[in-house]
Every structure is written in C-alpha cells, then in structure tokens.
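To start, the structure under review is shown below, and the notes come after it.
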Amino acid sequence: MYQDLAEMPLREDVSPEDEAAPDTVPVPRSLVPHLSQSAILLDIDGTLLDLAPTPREVWVPPGLAKTLNRLHERTSGALALVSGRSLNDIDLIFAPEQFPAVGGHGAEMRVSIEEESVATHAPPLDKELKRRLAAIAKLSPGILLEDKGYSLALHYRLAPHAEEAIYAAVSLIRADLPNAPIEVLPGKCVCEIKHSGFTKATGVLELMTHEPFKGRRPLFIGDDVTDESVFAIMPDLRGLAFSVGRRAKGVAGHFDEPSDVRQWLAHLLDDEKLATEPSPNPA
C-alpha cells in the first residue's frame with residue numbers, strides 16, 4: 001500500500017489504531033521533489049544487500065552502485081551507509097565506489113567522500129577479551145568468527161543449532177568480567193559483542209550535525225535489532241524509518257526484502273515512470 005510522504009505521520013503521532021493499520025511505503029514521486037532537503041541513510045546487510053551464508057559472500061547487484069551514486073548527487077552528498085561493518089569492509093564490498101558512512105555500529109564515521117579523514121569514536125576491543133570470545137567458535141563446526149576491530153561477531157547461519165550454546169558462553173564471559181564495558185547485540189544468526197557507549201543511533205546523531213546532512217529530514221531504512229536504536233531517534237530528527245522483512249516498532253512502513261528496497265531507491269530517480277504513473281488512491 002502506497003501513501004504520500006507528506007501525509008505520513010511521524011512515530012510520535014501514531015495512535016494505537018494506526019499501529020494496527022496496513023504497512024505503508026511512501027510513493028516515490030512524493031519524495032523526489034524533496035531530495036534536496038532529505039538525507040538518505042541505509043543499512044547494508046539485509047537492507048540493501050541480500051544476506052548470504054557468510055559475511056564475505058554478500059555481493060552488490062548490478063545497478064545498485066549507480067543508483068546510490070545518483071542519489072548521492074541528487075542529495076548533494078547527504079547519503080550515507082550505516083552499518084556494523086567497518087569502513088574498510090564497506091569500501092571493499094562497494095569497491096571501487098565510496099560513500100559517506102557510519103561504520104562499526106557508530107565507532108567510526110566518514111562524512112564526505114571528498115575528505116580522507118575518518119572520525120573514530122571507540123577503541124578496539126581488548127585483545128584478551130577477543131581471545132576468550134573467539135574461543136566460542138570452537139563450540140561447533142559452522143560457527144564463523146568475524147573480527148571487526150571495534151567488535152567481534154560470531155555467525156551461526158551455518159550452525160543454527162549452536163545459537164543457545166553461543167549466547168550461554170558469552171553470558172559466562174560477561175559474568176566473569178562484570179565491569180567490562182561491552183554490549184551484546186543479537187542479530188540474524190549472529191551474536192556480536194562490542195564496546196558499550198556507542199551505537200548506530202549515536203553515529204547518526206553526530207552525522208546529522210555535519211554538512212550536508214545538517215538540517216535535512218533523514219530517511220532511514222534498516223532490518224535488524226541493531227537498527228532499532230536509529231528507528232527510535234527518527235521522530236527527534238523529524239525523520240522517517242522503514243524496516244525490511246518485518247514491521248519494527250515505530251516505523252512508518254516496511255519492505256518485504258532487500259530487492260524491494262533497491263527497486264524503490266531506483267524508482268526515486270526514474271523520472272519517466274514518475275511522469276506516467278497514475279496518482280495513488282488516498283490512504
């Protein structure tokens with residue numbers, strides 16, 4: 001069901017009755033005239049890109065980089081990727097393209113592709129803590145260890161039976177180190193451990209204080225539990241949030257899968273279709 005962006009309520013205006021209403025996604029034509037006042041913020045895995053058995057197997061479908069580059073141009077640079085991946089990892093996936101990004105769940109940030117500077121907001125995880133957490137991967141074949149520097153992820157998509165054992169082992173380590181400034185992030189077949197004190201939301205809040213993002217209305221799309229902190233701050237920024245694969249609390253609408261997100265982003269720039277598409281029926 002489509003609804004004009006200008007008519008869509010922000011989370012703070014949603015009544016219990018509206019919460020039960022069908023999910024909506026904004027009509028592209030309602031956003032196109034406003035791209036010059038918008039900031040587009042996009043999660044990567046499970047949002048822009050389809051999930052894969054391992055983190056290294058994700059790939060960028062044909063046409064997506066072109067769409068992102070055009071949106072980056074149309075927003076005068078106010079497009080950013082917001083991910084748990086490091087900036088180096090993001091750049092490898094999208095190579096040779098680069099985009100502004102919040103990486104490492106807010107641990108690092110690149111505001112502009114014209115500048116080489118990267119702001120870092122967290123130290124790497126303690127080496128001994130990493131060693132202990134890494135040993136959990138030995139619990140079962142198929143558990144994949146990913147060291148992101150600022151965090152460590154245990155992927156069990158290839159060993160779903162190990163989920164309970166992984167979280168139990170992480171809990172034991174946390175109990176043994178009650179003062180360690182760490183946080184556990186459950187995700188889609190992944191258990192990630194990072195420093196506390198920074199999140200995707202803190203990264204987005206800082207990003208929105210910098211030009212060209214400053215003063216714009218953000219539109220954030222994400223899919224996972226780690227994106228919920230960003231969903232929660234969108235009303236404070238007069239922004240809109242959309243989830244992928246599920247309707248998360250407080251979002252304005254949802255997409256069924258990443259391919260729908262990619263199609264919608266491309267449609268934002270499809271002037272020919274916008275010119276011929278009939279006006280939507282009122283919601």
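This structure is a prediction, so every number in the text was calculated from the model and none was measured.
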Measuring only between side-chain heavy atoms, which start at C-beta, is [X] closer than 4.5 Å to [Y]?
X	Y	result
Leu48	Leu81	yes
Phe99	Ile90	no
Val244	Pro258	yes
Tyr167	Pro186	yes
Arg74	Leu268	no
Ile233	Phe220	no
Ser38	Leu219	no
Leu41	Val102	no

Got a donor-acceptor contact below 3.5 angstrom from the [X] side chain to the [Y] backbone?
X	Y	value
Thr75	Ala39	no
Arg174	Glu183	no
Asn69	Ala65	yes
Arg157	Pro53	no
Arg246	Asp223	yes

Can you see which heavy atom on Tyr150 is nearest to which on Ala122, and at what distance?
CE2-O, 3.0 Å
How long is the straight-line distance from [atom2] of [Y] back to [atom1] of [X], given to the nearest 0.5 Å?
X	Y	atom1	atom2	answer
Lys194	Thr226	NZ	OG1	10.0 Å
Phe198	Glu108	CZ	CD	9.5 Å
Asp43	Ser243	CG	OG	11.5 Å
Ser196	Leu185	OG	CG	10.5 Å
Leu42	Ser83	CG	OG	11.0 Å
His34	Arg217	NE2	CZ	9.0 Å

Listed partners of Glu164 passing side-chain hydrogen bond (donor to acceptor under 3.5 Å, both in side chains), at least two apart:
none
Name the atoms and distances for all side-chain donor-acceptor pairs under 3.5 Å in residues 137-148, with sequence neighbours left out.
from, atom 1, to, atom 2, distance (Å)
Ser140, OG, His161, NE2, 2.9
Glu146, OE1, His155, NE2, 2.7
Asp147, OD1, Lys130, NZ, 2.8
Asp147, OD1, Gly149, N, 2.9
Asp147, OD2, Lys130, NZ, 3.2
Lys148, NZ, Glu192, OE1, 3.3
Lys148, NZ, Glu192, OE2, 3.1

Pick from Ile136, Val184, Leu152, Leu133: which one makes a side-chain contact (heavy atoms from CB on, under 4.5 Å) with Cys191?
Val184
Under a 4.0 Å N-O cut-off, is there an ion pair linking [X] with [Y]?
X	Y	value
Arg131	Glu128	yes
Arg262	Asp50	yes
Asp224	Lys200	no
Arg56	Asp89	yes

Tyr156: what forms a ring-ring contact (aromatic ring centres under 6.0 Å, His included) with it, not counting sequence neighbours?
none
Within the supplied structure, the quantity of interest is the number of heavy atoms (other residues, nucleotides, ligands) at a distance under 6.0 Å from Lys188 NZ; does it exceed 12?
yes
Take a 6.0 Å sphere around CD of Glu73 and say whether it holds more than 12 heavy atoms from other residues, nucleotides or ligands.
no
